[in-house]
Amino acid sequence: MKLVTVNHPFRYETEKLSREFFPESGIEVSDDVCAENAVITEIDGDEISVRFDGDERRQNVGGVTDKNDLERIMAQLLYSLLSEKTGIYPPWGILTGIRPTKVFRAKENELGSEKAKEFFKNELFVSDSKTDLVQSVTDAQRNIIGLSGKNSMSLYISIPFCPTRCSYCSFISHSFESAKKLIPEYVEKLIDEIKYTGEIAKELSLKLETVYYGGGTPTTLSAQQLKLIEDAVEESFDLSGLREYTVEAGRPDTVTEEKLDVLKNSGVTRISINPQTFNNEVLKVIGRRHTAEETEKAFLLAREKGFDNINMDLIAGLPTDTVQSFEKTLEKTLSLSPENVTVHTLAIKRSSSMGMTSSDISQAKTAEKMLSLAQKGLCADYFPYYMYRQSKSLSNLENVGWCRSGKEGLYNIYMMEETHSVFSCGAGAVTKLKAPDGEEIERIFNFKYPFEYIKDYGELISRKQRIKEFYKTYTY
């Protein structure tokens, strides 16, 4: 499908929205107004127009100067025309960003809760159910966001290694076998970066709120390597006011009694043990070399070790998974009674080994049914506390974290809602600097791959000087 953009800067937004109506065909963007069977979007003087298949939508925008308003009007016209032509009505309307709650919160602060809901439904065309969901999440986050002060920060530590690479994975992660020679030197450099980052945080008098180890699968490392990293964190940062310490132990085939002891003794308060599915056949298809039984065993071992805040991830829309199988996965998850359950929609990225196929529409419909089942099953004992949307997820659907009262994943909220700075260490990590007195965001990128991280470590450290420069202009 061709998308023609004429005399406007909204190429990215119109392309992303158009993709929802033509999920089985790629979107080719051009400026050829004579292209056949094309969706044509244009701003001509004071008029915005959208044309497709012999029909068009137009609106006069004389006097409208705000870029966001112009973008929204064009998206509304595009949605109106394409939904009528295709019979597809995306539940998130014209809202294509990854942080719906951030948009809702801003509107709520401006207009109040009821007016914000009306804006979502009438101006963004978001469905009633998704509007209710985003309001519920926003409500759940309010007090937690209030805990974040002007001098708050969080720490993210990247361990980009896994036992094997899942077929849907698009993260910068490497299988243990392919990267094991790099791991000792990687850990050495990572510890050095943690220490350097801690010096910066102390110099700036920042308060550490949460620590989060992600990846990859951090527990791919040995117990000794994990302890070295955790000791570096303890030595480099003041943990006396720490609200949460999370380590992803997502792959049950990496969970051992010795590693759990190290995590517990180092003060880790929250871990993830992620089944994704409790269907062994689906696990094989997606390339995970463990069984559902091993997941349960790892979870119960963590309980024995005293972990009372465990998250479990599920994925809706996995290849060969069915609604009935997903329901059994959900039932099994609930029987284990984790404190957090995060339900993801499968996102198929170009960097994953799983390609787009002609079955994506039926797969997307299956994922929608799975999400509905999850919401019905979880709402009795859990509530939604954070959410985000990924590019290329089936039907552009959402990922939602559910929890029991008092067991919210604080780092998830602070990171996704961009409430304070996140200092990040390790390959593929991105430090996100948040202005203490405003909404300004600046990013500092580490090198993506472990071998780059090791080779160009000196350059990476020099980039972190920018943190001090950023904070020079602020008082808190």
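All figures in this text were calculated on a predicted structure; none of them were measured in a lab.
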is_close_aromatic(Phe451, Tyr186), centroid dist under 6.0 Å: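 No - the distance between ring centres of Phe451 and Tyr186 does not fall below the 6.0 Å cut-off.
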Looking only at the side chains, is there a donor atom on one of [X] and [Y] sitting less than 3.5 Å from an acceptor on the other?
{"X": "Asn311", "Y": "Thr342", "answer": "yes"}
{"X": "Thr277", "Y": "Arg288", "answer": "no"}
{"X": "Asn412", "Y": "Tyr388", "answer": "no"}

Whether over 12 other heavy atoms sit under 6.0 Å from [X] [atom1]:
{"X": "Asn143", "atom1": "CG", "answer": "no"}
{"X": "Lys195", "atom1": "NZ", "answer": "no"}
{"X": "Tyr12", "atom1": "OH", "answer": "no"}
{"X": "Lys376", "atom1": "NZ", "answer": "no"}
{"X": "Glu440", "atom1": "CD", "answer": "yes"}

[X]/[Y] ion pair, N-O < 4.0 Å:
{"X": "Lys297", "Y": "Glu293", "answer": "no"}
{"X": "Arg105", "Y": "Glu108", "answer": "no"}
{"X": "Glu339", "Y": "Arg270", "answer": "no"}
{"X": "Glu281", "Y": "Lys284", "answer": "yes"}
{"X": "Lys189", "Y": "Glu185", "answer": "yes"}

Of Asp139, Asp132, Asp128, which is the lone residue that meets salt bridge (charged side-chain N to carboxylate O under 4.0 Å, His left out) with Lys117?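 Testing Lys117 for a salt bridge (charged side-chain N to carboxylate O under 4.0 Å, His left out) against Asp139, Asp132, Asp128 leaves exactly one candidate, Asp132.
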From Glu418, Glu417, Glu442, residue fulfilling salt bridge (charged side-chain N to carboxylate O under 4.0 Å, His left out) relative to Lys432: Glu418
Taking [X] for its side chain and [Y] for its backbone only, find out whether a donor-acceptor pair lies under 3.5 Å.
{"X": "Glu244", "Y": "Leu410", "value": "yes"}
{"X": "Lys264", "Y": "Gly306", "value": "yes"}
{"X": "Asn399", "Y": "Thr345", "value": "yes"}
{"X": "Thr329", "Y": "Phe278", "value": "yes"}
{"X": "Thr217", "Y": "Thr220", "value": "no"}
{"X": "Lys434", "Y": "Gly438", "value": "yes"}
{"X": "Ser152", "Y": "Gly149", "value": "yes"}
{"X": "Asn446", "Y": "Gly426", "value": "yes"}
{"X": "Ser337", "Y": "Leu334", "value": "no"}
{"X": "Lys259", "Y": "Thr254", "value": "yes"}

From the list Phe161, Tyr245, Tyr156, ring pair (Phe, Tyr, Trp, His ring centres under 6.0 Å) partner of Tyr213 resolves to Tyr245
Enumerate the salt bridge (charged side-chain N to carboxylate O under 4.0 Å, His left out) contacts for residues 313-331, please, sequence neighbours excluded, ordered by first and then second residue.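 For residues 313-331: none.
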Quick one, Phe237 with Val211, criterion side chain to side chain contact (heavy atoms under 4.5 Å, CB included). Give me CA distance, side-chain angles, the key distance, then yes/no. CA-CA 10 Å; Phe237 291 88; Val211 176; over 6 Å; no
Which residues share a ring pair (Phe, Tyr, Trp, His ring centres under 6.0 Å) with Tyr414, sequence neighbours left out: His420
Could you tell me the separation between the [atom1] atom of [X] and the [atom2] atom of [Y], rounded to the nearest 0.5 Å?
{"X": "Leu460", "Y": "Glu193", "atom1": "CG", "atom2": "CD", "value": "5.0 Å"}
{"X": "Leu433", "Y": "Met153", "atom1": "CG", "atom2": "CE", "value": "10.0 Å"}
{"X": "Ile145", "Y": "Thr101", "atom1": "CD1", "atom2": "OG1", "value": "7.5 Å"}
{"X": "Ser424", "Y": "Ile157", "atom1": "OG", "atom2": "CD1", "value": "9.5 Å"}

Are Ser113 and Gln135 close enough, and set up right, to give a side chain to side chain donor-acceptor pair (under 3.5 Å), and what steps lead you there? CA-CA 8 Å; Ser113 182; Gln135 184 185 30; 2.6 Å; yes
Among Val343, Leu133, Val137, side chain to side chain contact (heavy atoms under 4.5 Å, CB included) partner for Glu398: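 Exactly one pass, corresponding to Leu133.
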Candidate pair Leu208 and Leu239, rule side chain to side chain contact (heavy atoms under 4.5 Å, CB included), full reasoning: CA-CA 7 Å; Leu208 185 61; Leu239 304 185; 3.6 Å; yes
Take Glu20 and Leu17 through the test side chain to side chain contact (heavy atoms under 4.5 Å, CB included) and record every step on the way to the result. CA-CA 6 Å; Glu20 296 190 38; Leu17 183 56; 4.1 Å; yes
In residues 119-126, what donor-acceptor pairs under 3.5 Å come from side-chain atoms, sequence neighbours left out?
{"unit_1": "Asn122", "atom_1": "ND2", "unit_2": "Glu118", "atom_2": "O", "d": "3.3"}
{"unit_1": "Glu123", "atom_1": "OE1", "unit_2": "Gln76", "atom_2": "NE2", "d": "3.0"}

Walk me through whether Gln225 and Ser222 qualify under side chain to side chain donor-acceptor pair (under 3.5 Å). CA-CA 5 Å; Gln225 289 166 335; Ser222 69; 3.3 Å; yes
